[in-house]
Student: 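Quick one: this structure, given as structure tokens, is what I'll be asking you about.
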Amino acid sequence: NEERYFQCKLTRFGQNDRLLVAYDVTRLHNLELMRKDFVDNVSHELRTPLTVLSGYLETYMDQDDLNPRWRRGFEQMRQQTTRMTNIVKDLLLLSRLENSSAQTERKVIDMPYLLNKIFDDAQAYNAEFKHELNLEIESFRSILGAEQELTSAFTNLITNAIKYTPKGGIIRVRWFDDGDDCCFSVTDNGIGIESHHINRLTERFYRVDSDRSRDTGGTGLGLAIVKHVMLQHEGRLEISSKREQGSTFLCRFPKERLVE
Ligand code: ADP
């Protein structure tokens, strides 16, 4: 009585003939479910120990008479604990996105308002990089969607543009109409990405330059999250980039998700 899953391929031959091949992918499907469950459980289980570790580290670092060698050690531990906490948070968000069906929350989100809020936070993050950040709101259409998830996706794209652009760069954030669709885009004039990496960027933990990305403090899950948030909103992520010239990440929302 086990449910079975098939992947089908239909090939046409000449005018009238068709060949339908069905592959039984039940085992793959079940393994994928097991993987998701496993990652979800591990992430949940790691949350409490990480909170306890952070608590103790904060308490020890508060002592005024702490030996400088110990302070440096604790500081390293705190950085790594924060990194792990962020990875666990992102893994949990990804697993929530993967498990929720396509029918997600449909609240009307005032995009100009939300983007201004996200942009203000980005300005704070940009303080040490000192890029020129521009926000251009050219459409007043709103989205039917999930605010928290959209905030994560848009924030990831803006912070990536900031991280992967050498000091003094120019970053352009836009919300604009494109035919029936509406698009959110982030363009930078940063390090750019070679074309053969582009298709793989939304895989979990895929990085063009691992050392450099890790130094910037990312989790390696940002673009996977953006991809899933867009799927959840029946939209898609489009990436264009040129090495040493810069990149554009564009989130396209279909008209079914827009409100005039
Ligand atoms: P990370 O936490 O490493 O930034 P992401 O999933 O957000 O993880 O991004 C995956 C990889 O894509 C990054 O490690 C980086 O190599 C590349 N990348 C993302 N955004 C940009 C950008 N704006 N310019 C250049 N490379 C980028």
Side-chain angles (χ1 to χ4, degrees), residues 36 39 43 46 50 79-98 115 118-119 121-126 128-136 148-175 183-233 235-252:
K36 283 184 190 161
V39 173
S43 311
L46 283 175
L50 283 170
Q79 276 175 19
Q80 296 308 321
T81 316
T82 306
R83 225 186 110 215
M84 227 152 112
T85 308
N86 289 338
I87 293 177
V88 165
K89 258 199 259 166
D90 277 359
L91 280 173
L92 285 170
L93 172 59
L94 256 181
S95 107
R96 207 175 71 225
L97 287 166
E98 280 183 334
L115 289 181
I118 292 172
F119 193 75
D121 292 341
Q123 297 269 29
Y125 179 74
N126 184 43
E128 70 173 283
F129 295 86
K130 299 192 174 58
H131 298 309
E132 178 185 325
L133 280 195
N134 298 307
L135 173 64
E136 297 165 25
Q148 212 188 331
E149 284 77 359
L150 288 170
T151 303
S152 291
F154 297 157
T155 304
N156 273 323
L157 293 180
I158 302 176
T159 45
N160 274 354
I162 295 174
K163 287 188 314 194
Y164 298 113
T165 299
K167 274 210 165 60
I170 301 175
I171 293 161
R172 191 174 174 212
V173 181
R174 291 177 71 205
W175 174 240
C183 302
F184 167 84
S185 73
V186 182
T187 301
D188 63 60
N189 61 348
I191 61 172
I193 305 154
E194 278 163 33
S195 55
H196 64 275
H197 290 292
I198 290 184
N199 282 341
R200 302 200 55 195
L201 288 181
T202 55
E203 289 174 19
R204 289 152 187 250
F205 300 114
Y206 187 84
R207 283 158 153 164
V208 175
D209 175 346
S210 302
D211 292 341
R212 183 176 192 151
S213 302
R214 234 171 255 125
D215 287 348
T216 62
T219 61
L221 295 165
L223 292 179
I225 290 174
V226 178
K227 176 184 150 185
H228 278 91
V229 170
M230 290 315 293
L231 285 175
Q232 190 192 35
H233 288 81
R236 61 173 196 271
L237 170 68
E238 296 169 3
I239 306 172
S240 51
S241 186
K242 274 217 168 87
R243 190 89 185 117
E244 308 295 345
Q245 293 188 26
S247 319
T248 294
F249 289 78
L250 182 143
C251 299
R252 181 178 291 283

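Read the numbers this way: they start at 1 and go in the same order the structure lists the ligands and their atoms.
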Student: Return the NE2 to CG distance between H228 and L237, rounded to the nearest 0.5 Å.
Tutor: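 Going from the NE2 atom of H228 to the CG atom of L237 covers 12.0 Å.
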Student: To the nearest 0.5 Å, what is the distance between OH (Y125) and CG (L133)?
Tutor: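 Interatomic distance, Y125 OH to L133 CG, rounded to 0.5 Å: 11.5 Å.
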Student: Taking non-hydrogen atoms only, is H197 closer than 4.0 angstrom to ligand 1 via side chain, backbone, both or neither?
Tutor: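 For H197, there is no contact with ligand 1 at all, from either part.
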Student: Return the CG to OG1 distance between L115 and T151, rounded to the nearest 0.5 Å.
Tutor: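 The CG atom of L115 sits 9.0 Å away from the OG1 atom of T151.
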Student: So for F205, does at least one of its heavy atoms come nearer than 4.0 angstrom to any atom of ligand 1?
Tutor: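 Flag not set, F205 not near ligand 1.
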Student: Taking 4.0 angstrom as the limit and counting only heavy atoms of R207, give me the atoms of ligand 1 inside it, by number and element.
Tutor: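 Close to R207: 2 (O), 3 (O), 14 (O).
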Student: Could you tell me if any non-hydrogen atom of G190 lies under 4.0 Å from any atom of ligand 1?
Tutor: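 Contact absent.
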Student: CZ of R83 to CG of N86: how many Å apart, nearest 0.5 Å?
Tutor: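 Separation between the atoms: 9.5 Å.
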Student: Can you tell which of L201, N199, L221 makes a side chain to side chain contact (heavy atoms under 4.5 Å, CB included) with Y206?
Tutor: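 Testing each of L201, N199, L221 against Y206, the sole residue satisfying side chain to side chain contact (heavy atoms under 4.5 Å, CB included) is L201.
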Student: For ligand 1, which atoms have a heavy atom of G218 less than 4.0 angstrom away?
Tutor: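 Every atom of ligand 1 under 4.0 Å from some heavy atom of G218: 2 (O).
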Student: For ligand 1, does D188 get within less than 4.0 Å through its side chain, its backbone, both, or neither, judged by non-hydrogen atoms?
Tutor: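 Only the side chain of D188 comes within reach of ligand 1.
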Student: Could you list which atoms of ligand 1 come closer than 4.0 Å to a heavy atom of F249?
Tutor: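 The atoms of ligand 1 under 4.0 Å from a heavy atom of F249 are 20 (N), 21 (C), 22 (C), 23 (N).
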Student: I'd like to check whether G222 has a polar contact with ligand 1, where a contact means an N/O of the residue lying under 3.5 Å from an N/O of the ligand.
Tutor: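 Yes - when backbone and side-chain N and O of G222 are compared with those of ligand 1, one distance drops under 3.5 Å.
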Student: What do you reckon, does V208 have a nitrogen or oxygen under 3.5 Å from a nitrogen or oxygen of ligand 1?
Tutor: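 Yes; at least one N/O pair falls below 3.5 Å.
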Student: Decide whether an N or O pair under 3.5 Å exists between L201 and ligand 1.
Tutor: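 N/O-N/O distance under 3.5 Å: no.
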Student: Distance under 4.0 Å to a non-hydrogen atom of S247: what atoms of ligand 1 satisfy this?
Tutor: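 This gives 24 (N) as the contact atoms.
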Student: Can a side-chain donor-acceptor contact be found between N134 and E132 if the only test is distance below 3.5 angstrom?
Tutor: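 Yes, side-chain donor-acceptor contact under 3.5 Å.
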Student: I'd like to know if the side chain of T159 reaches the main chain of N156, judged simply by a donor and an acceptor atom lying under 3.5 Å from each other, with no hydrogens or angles considered.
Tutor: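 Flag set: sc T159 to bb N156 pair under 3.5 Å.
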Student: Select one of side chain, backbone, both or neither to describe which atoms of Y206 lie under 4.0 Å from any atom of ligand 1, heavy atoms only.
Tutor: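 The backbone, only.
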Student: Can you tell me if T202 uses its side chain to pair, donor with acceptor, with the backbone of A224 under 3.5 Å?
Tutor: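 Flag not set: sc T202 to bb A224 has no pair under 3.5 Å.
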Student: Can you tell me the protein heavy atom closest to atom 14 (O) of ligand 1 and the distance?
Tutor: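 Protein heavy atom with the smallest distance to atom 14 (O) of ligand 1: S213 OG, 2.8 Å.
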Student: Heavy-atom contacts with L223 under 4.0 Å: which atoms of ligand 1 show up? List them by number with element.
Tutor: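 Those qualifying, in numeric order: 5 (P), 6 (O), 7 (O), 9 (O), 10 (C), 12 (O), 19 (C).
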Student: At what distance is the nearest protein heavy atom to atom 7 (O) of ligand 1, and which residue and atom is it?
Tutor: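 The closest one turns out to be N160 ND2, 2.8 Å.
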Student: Who's the nearest protein heavy-atom neighbour of atom 15 (C) of ligand 1, and how far?
Tutor: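 Result for atom 15 (C) of ligand 1: Y164 CZ, 3.6 Å.
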Student: Distance to 0.1 Å, residue and atom name: give those for the protein heavy atom nearest to atom 2 (O) of ligand 1.
Tutor: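 Checked against all protein heavy atoms, atom 2 (O) of ligand 1 sits closest to G220 N, 2.8 Å.
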Student: Please state which part of I193 comes within less than 4.0 Å of ligand 1, counting heavy atoms only: side chain, backbone, both or neither.
Tutor: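 The side chain, only.
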Student: Measure up the F129 and H131 rings against each other and bin them: parallel (under 30°), tilted (30 to 60°), perpendicular (over 60°).
Tutor: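 Parallel, since the angle between the ring planes stays under 30°.
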Student: Tell me if the CD atom of E203 is crowded by more than 12 foreign heavy atoms within 6.0 Å.
Tutor: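 For E203, atom CD is crowded (more than 12 foreign heavy atoms under 6.0 Å).
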Student: Within a 6.0 Å radius of atom NZ on K36, are there more than 12 heavy atoms belonging to other residues, nucleotides or ligands?
Tutor: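 Yes, because the 6.0 Å sphere around NZ of K36 holds more than 12 heavy atoms from other groups.
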